[in-house]
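Working notes, structure below.
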Amino acid sequence: MRIYNTLAGEKEDFIPLVKDRVNMYVCGVTVYDNCHIGHARSAIVFDVIQRYLKYKGFNVKFVRNFTDIDDKIINRAKKEGIPWDEVARKYTEEFYNDMDSLGVARADIEPKATEHIKEIIDIVKGLIDKGYAYEKDSSIYFEVNKFHEYGKLSKRDKEDMIAGARVEVDERKKDPMDFALWKASKEGEPFWESPWGKGRPGWHIECTAMSIKHLAESFDIHGGGADLIFPHHENEIAQSEAFTGKPFVKYWVHNGFITIDKEKMSKSLGNFFTIKEVLDRYDPEVVRFFLLSTHYRSPIEFSDEQLKEAEVSIDRYYTTLIRIADFSGNGDVKDKTSGIEKTFEGVVNSFKEKFQAAMDDDFNTALALGHIFELIRETNRFLDSRPSGQKPSELISKAKELLSEAGGVLNIFRRAPDEWQSALMKSKKIQLTGQDVLNKIKEREEARQKKDWAASDAIRKELDEKGIILEDKKDGTDWKIKVG
RNA sequence: GGCGGCGUACCCAAGUGGCUAAGGGGGAGGUCUGCAAAACCUUUAUGCAGCGGUUCAAAUCCGCUCGCCGCCUCCA
């Protein structure tokens with residue numbers, strides 16, 4: 001297995017610190033507002049990574065934190081006129097609502113910053129004792145100059161950054177690059193007692209405290225969005241390695257951004273969609289599929305067109321499932337082994353290997369989906385050849401299992417076709433009920449018996465305009481939701 | 001200004017030295033059908049931003065040019 005390691009700047013063989021075990025920490029969200037679709041990408045990417053590692057047989061311990069104390073939370077509380085911890089509680093709940101919809105599994109441990117104040121204070125104390133941190137006006141700062149490897153993750157040196165002239169000037173710091181480990185609280189702000197007076201933790205220190213506590217001083221994978229590389233993860237490395245004297249993380253994994261008109265989706269630009277807004281129009285599985293159809297490190301352009309394509313793709317899967325269910329095994333081709341069967345057998349037998357090879361190569365979900373659709377196409381092709389006998393039945397059920405297994409890793413393709421149809425009715429806000437449609441089908445069938453094609457086609461057209469497609473089959477007429 | 005990434009068909013998107021450049025969507029033609037839909041078949045990049053170079057061999061490595069984006073500030 002190979003993983004792109006931001007620290008190394010290239011793909012590396014994945015060798016966990018302890019054989020067969022993976023300790024993994026992913027930066028979660030700051031709970032001050034509803035999540036947007038960019039948060040969904042990060043959550044889904046690491047959800048799939050976590051699922052795949054478990055699928056491969058690793059004993060995975062997955063930690064994803066909540067930042068529940070921060071300037072943004074305090075500001076939000078002021079704005080809404082409610083207590084800061086009420087803001088955190090509310091948006092933690094919203095986070096769960098969104099992530100549950102999207103099929104993002106709960107992490108094994110989901111720690112909160114405010115539940116680790118003691119651990120944070122201990123680490124800050126330790127850093128002061130070791131000479132890496134200093135106090136100024138009851139706040140504690142990490143002295144970046146003392147940590148000589150500073151910049152090794154983001155690949156830059158201090159001079160470059162200062163030349164950027166965008167470093168915030170804070171008179172209390174010895175050096176503009178120094179960052180706060182502990183912030184003295186201002187009047188009216190939330191605080192915890194500390195050896196330096198009333199204050200609260202800085203942003204970066206919580207991840208050091210929580211990852212060390214729940215995983216170890218050194219662990220395997222640390223993930224998050226690419227925008228966390230600097231300063232957040234760079235600072236985590238500095239304070240963690242200064243504190244423990246050990247390498248902090250072996251593999252740093254970062255997901256790319258979602259863009260709108262080629263620009264990064266972000267709160268400050270205002271060009272974002274919340275998860276709730278998107279889920280109002282598309283089924284969660286569609287969103288998930290869309291996000292997995294591009295490699296996790298590449299930017300992905302958010303667009304209706306692409307979401308509709310994802311919807312069509314998923315529908316193709318469920319349509320094939322229906323065809324498989326309809327397969328009787330009593331085709332009229334008595335033939336032993338056709339060329340089509342040989343091809344199908346080959347695709348079935350090589351699928352798992354190809355799927356795993358794709359996922360083993362830095363979690364290439366886009367390639368994995370390509371293999372999935374090759375299998376779907378071959379399954380349809382084989383079904384079209386109307387095979388009969390036991391071997392075809394076995395091959396088809398094996399194909400079905402393989403699709404289901406791969407879908408399980410990506411956490412898509414988990415429903416029955418009729419559940420998918422119901423979900424589409426909801427997301428497309430179709431007003432008709434199933435019974436309405438059946439009545440129309442019956443009416444049309446009567447017209448068809450009389451060979452009144454005009455009346456028959458009028459009904460088809462009427463339903464089509466309402467988003468319903470009719471499919472005439474040998475033993476009756478089926479209907480489905482129009483996708484795309 | 002510093003650092004980094006990207007540019008593959010009409011659209012999306014894999015592919016980072018070597019069989020005929022995955023897969024999906026769209027278009028065109030066809031099979032099937034009362035007509036459709038679905039499915040399948042054929043077709044849609046002698047070429048991977050451009051120009052040079054390395055190599056027996058490059059979309060893939062190197063150099064330059066053009067274009068786009070990100071990070072350097074809270075940010076998934």
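The CD1-P distance, from A:I340 to B:rA39, rounds to 17 Å in whole Å. Between the P atom of B:rG5 and the CD atom of A:E10 lies a distance of 12 Å, rounded to the nearest Å. Rounded to whole angstrom, the span from the CZ atom of A:R156 across to the P atom of B:rG4 amounts to 10 Å. In this structure, the CE atom of A:M177 is 18 Å from the P atom of B:rG2, given to the nearest Å. For the pair A:K480 NZ and B:rA38 P, the computed distance is 7 Å after rounding to whole Å. If you measure from atom CZ of A:R323 to atom P of B:rC32, you get 16 Å, rounded to the nearest angstrom. The distance between atom CG of A:L383 and atom P of B:rC41, rounded to the nearest whole Å, is 13 Å. Between the CD1 atom of A:I229 and the C1' atom of B:rG5 there is a distance of 11 Å, rounded to whole Å.
As judged by a 4.0 angstrom heavy-atom cut-off over every strand, A:R460 is placed among the base-contacting residues. Using a 4.0 Å heavy-atom distance criterion, A:G38 is classed as a base contact. Residue contacts shown for A:N380 are limited to sugar-phosphate atoms, with no base heavy atom under 4.0 Å away. Contact annotation for A:K264: base contact, defined as any heavy-atom pair under 4.0 Å involving a base atom. Here A:N364 lies in heavy-atom contact (under 4.0 Å) with sugar-phosphate atoms only. Within the nucleic acid shown, A:R444 comes within 4.0 Å of at least one base atom, counting heavy atoms only. As judged by a 4.0 angstrom heavy-atom cut-off over every strand, A:G256 is placed among the base-contacting residues. Residue contacts shown for A:S456 include a base, since a base heavy atom lies under 4.0 Å away. At the heavy-atom level, A:I258 lies under 4.0 Å from base atoms of the strands shown. Nucleic acid contact class of A:E301 (heavy atoms, under 4.0 Å, all strands): none.
Across all strands shown, B:rA37 forms no Watson-Crick or G-U wobble pair with both key distances under 3.5 Å. In this entry B:rC68 has B:rG5 as its Watson-Crick or G-U wobble partner, both defining distances falling under 3.5 Å. Nucleotide B:rU20 is matched to nothing when pairs are restricted to Watson-Crick or G-U wobble geometry with both distances under 3.5 angstrom. B:rU43 and B:rG27 make up a base pair, with Watson-Crick or G-U wobble contacts both under 3.5 Å. Taking a pair to require two hydrogen-bonding distances under 3.5 Å in either a Watson-Crick or a G-U wobble arrangement, B:rA76 remains unpaired.
For the side-chain contact (heavy atoms from CB on, under 4.5 Å) test with A:H295, the passing option among A:L367, A:D362, A:D361, A:N255 is A:D362; the others fail.
At a threshold of 4.5 Å between non-hydrogen side-chain atoms, the residues A:R200 and A:D71 count as touching.
Within residues 462-471 of chain A, the residues that place at least one heavy atom under 4.0 Å from RNA chain B are, in residue-number order, A:I469, A:L470, A:E471.
Because its NZ or CZ atom is both nearer than 6.0 Å to the ring centre of A:Y4 and within 45° of the ring axis, A:R297 counts as a cation-pi partner of that residue. Annotation: cation-pi geometry not satisfied between A:R288 and A:Y282 (NZ/CZ under 6.0 angstrom from ring centroid, within 45° of ring axis).
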Every protein N/O within reach of nucleotides 22-24 of chain B N/O, cut-off under 3.5 Å:
unit_1: B:rG23; atom_1: OP1; unit_2: A:R377; atom_2: NH1; d: 3.3
unit_1: B:rG24; atom_1: O2'; unit_2: A:S313; atom_2: OG; d: 3.0
unit_1: B:rG24; atom_1: N2; unit_2: A:E309; atom_2: OE1; d: 2.9
unit_1: B:rG24; atom_1: N2; unit_2: A:E309; atom_2: OE2; d: 3.2

Determine, step by step, whether A:L395 and A:K398 satisfy the side-chain contact (heavy atoms from CB on, under 4.5 Å) criterion, reporting the C-alpha distance in whole Å, the side-chain angles of both residues, the deciding distance to 0.1 Å, and the verdict.
CA-CA 5 Å; A:L395 282 175; A:K398 189 169 176 201; 5.6 Å; no

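If you look at A:F66 and A:Y96, their ring centroids are closer than 6.0 Å.
Which of B:rC74, B:rC41, B:rA76 sits closest to the side chain of A:F257 comes down to B:rA76. The side chain of A:K155 has B:rC3 as its nearest neighbour among B:rC11, B:rC3, B:rA13.
Between A:F289 and A:F413, the angle of the ring planes lies from 30° to 60°, which puts this pair in the tilted group.
B:rC61 and B:rA45 have their C1' atoms separated by 23 Å, with the value rounded to a whole Å. Nucleotides B:rA58 and B:rU43 are separated by 26 Å at their P atoms, to the nearest Å.
A:K90 is linked by a side chain to side chain donor-acceptor pair (under 3.5 Å) to nothing, counting only residues two or more places apart in sequence or in another chain.
No hydrogens or angles considered: nothing links the side chains of A:E263 and A:N271 as a donor-acceptor pair under 3.5 Å. In the model, A:T92 has no side-chain atom that pairs as donor or acceptor with a side-chain atom of A:K112 under 3.5 Å. Side chain to side chain, A:E236 and A:Y25 fail the donor-acceptor criterion of an N or O pair below 3.5 Å.
RNA chain B is contacted by both A:D70 and A:I300; A:I300 maps to the nucleotide lying nearer its 5′ end (nearest heavy atom per residue).
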